[in-house]
Amino acid sequence: MRFMVMVKANAATEAGTLPTQEQLAEMGAFNEELVKAGVMLAGEGLQDSSKGARVRFGEGRSTTVVDGPFAEAKELIAGFWLWQVSSREEAIEWVRRAPFLPGDEIEVRQVFEAEDFGDEFTPELREQEERLREQVASQQH
């Protein structure tokens with residue numbers, strides 16, 4: 001099972017406050033544990049929302065772009081991991097070991113797998129997805 005583990009933003013991350021050397025070292029050590037255990041597939045920190053944008057879709061696929069920063073830091077994401085684990089409970093156990101500060105909040109969400117879509121995900125659509133995943137993987141090497 002794959003899970004996206006999202007680090008919620010807060011006032012400090014939205015102000016662009018960078019982690020200390022000690023915090024970076026602790027997170028690096030935690031990430032090493034995840035990699036050694038075969039759990040971590042990806043992980044990144046995100047710049048504050050003042051450097052971002054939101055694209056809203058309207059009728060006829062028209063779009064409106066809204067530049068950051070965005071209000072309500074607690075609803076924003078400051079970083080994420082993509083983990084491969086055996087269960088939601090295992091993902092939560094890993095999160096509990098992460099070096100976060102009091103008040104920090106992490107959200108754990110399961111990623112859809114092909115079988116979750118049932119018959120709507122036809123063999124042709126599955127083949128297309130597999131081909132795209134292979135192309136992405138080959139571009140990363």
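By the side-chain hydrogen bond (donor to acceptor under 3.5 Å, both in side chains) test, R56 is found to be paired with no residue, residues two or more places apart in sequence or in another chain being considered. Residues meeting the salt bridge (Lys or Arg N to Asp or Glu O under 4.0 Å) test with E93, sequence neighbours left out: R96. For the side-chain hydrogen bond (donor to acceptor under 3.5 Å, both in side chains) test, no residue two or more places apart in sequence or in another chain qualifies with Q110. Here R88 pairs with nothing under the side-chain hydrogen bond (donor to acceptor under 3.5 Å, both in side chains) rule; sequence neighbours left out. Residues satisfying the side-chain hydrogen bond (donor to acceptor under 3.5 Å, both in side chains) test with E124, not counting sequence neighbours, are T122.
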What pairs of donor and acceptor atoms, side-chain ones from residues 41-48 against any protein atom, are under 3.5 angstrom apart with sequence neighbours left out?
from : atom 1 : to  : atom 2 : distance (Å)
Q47  : OE1    : K51 : NZ     : 2.9
D48  : OD2    : S50 : N      : 3.2
D48  : OD2    : S50 : OG     : 2.3

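Checking side-chain atoms of Q140 against main-chain N and O of A137 turns up no donor-acceptor pair under 3.5 Å. At least one donor-acceptor pair closer than 3.5 Å links the side chain of E14 to the backbone N or O of S49.
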Decide yes or no on side-chain contact (heavy atoms from CB on, under 4.5 Å) for Q84 and M40, but give the supporting numbers first. CA-CA 6 Å; Q84 178 81 44; M40 188 166 144; over 6 Å; no

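For the pair W83 and A91, the tightest heavy-atom approach, listed with the atom from each and the gap, is CZ3-O, 3.4 Å. Across every non-hydrogen atom of A73 and A11, the tightest pair is CB-N, 4.3 Å. The two residues S87 and M1 have their closest heavy-atom pair at CA-SD, 3.6 Å.
Screening residues 128-140 for salt bridge (Lys or Arg N to Asp or Glu O under 4.0 Å) gives E129-R133 as the qualifying pairs, with residues at least two apart or on separate chains. The list of side chain to side chain donor-acceptor pair (under 3.5 Å) pairs with a residue in residues 62-81, not counting sequence neighbours, reads N31-W81. Sorted by first and then second residue, the salt bridge (Lys or Arg N to Asp or Glu O under 4.0 Å) pairs involving residues 16-26 (not counting sequence neighbours) form an empty list.
Here CZ of F80 is found 5.5 Å from CE of M4. Values are rounded to the nearest 0.5 Å. Atoms NZ and CZ, from K8 and F100 in turn, are 13.0 Å apart once rounded to the nearest 0.5 Å. The CZ atom of R126 sits 7.0 Å away from atom CD of E115, with the distance rounded to the nearest 0.5 Å. Of the inter-residue distances, the one linking M6 atom CE with L76 atom CG reads 12.5 Å to the nearest 0.5 angstrom.
Geometrically, R109 does not engage F3 in a cation-pi contact defined by less than 6.0 Å to the ring centre and at most 45° from the axis.
When hydrophobic residues (I, L, V, M, F, W, Y) are linked wherever their side-chain heavy atoms come within less than 4.5 Å, L101 remains an isolated member. Summarising the hydrophobic clusters (Ile, Leu, Val, Met, Phe, Trp, Tyr; side-chain heavy atoms under 4.5 Å, direct or chained), the residues clustered with F121 are F112, F117, L125. Membership of an apolar cluster is not assigned to L132, as no side-chain contact below 4.5 Å to another ILVMFWY residue is traced.
Environment of CD in E127: sparse, with no more than 12 heavy atoms of neighbouring residues, nucleotides or ligands closer than 6.0 Å.
Side-chain contact between V7 and I77: absent, with no pair of heavy atoms (C-beta onward) separated by less than 4.5 Å.
Following chains of ILVMFWY side-chain contacts shorter than 4.5 Å, one cannot reach I106 starting from L82, and the two form parts of different hydrophobic clusters. Both W94 and V35 are assigned to one and the same hydrophobic cluster, defined by single-linkage of ILVMFWY side chains at heavy-atom distances under 4.5 Å.
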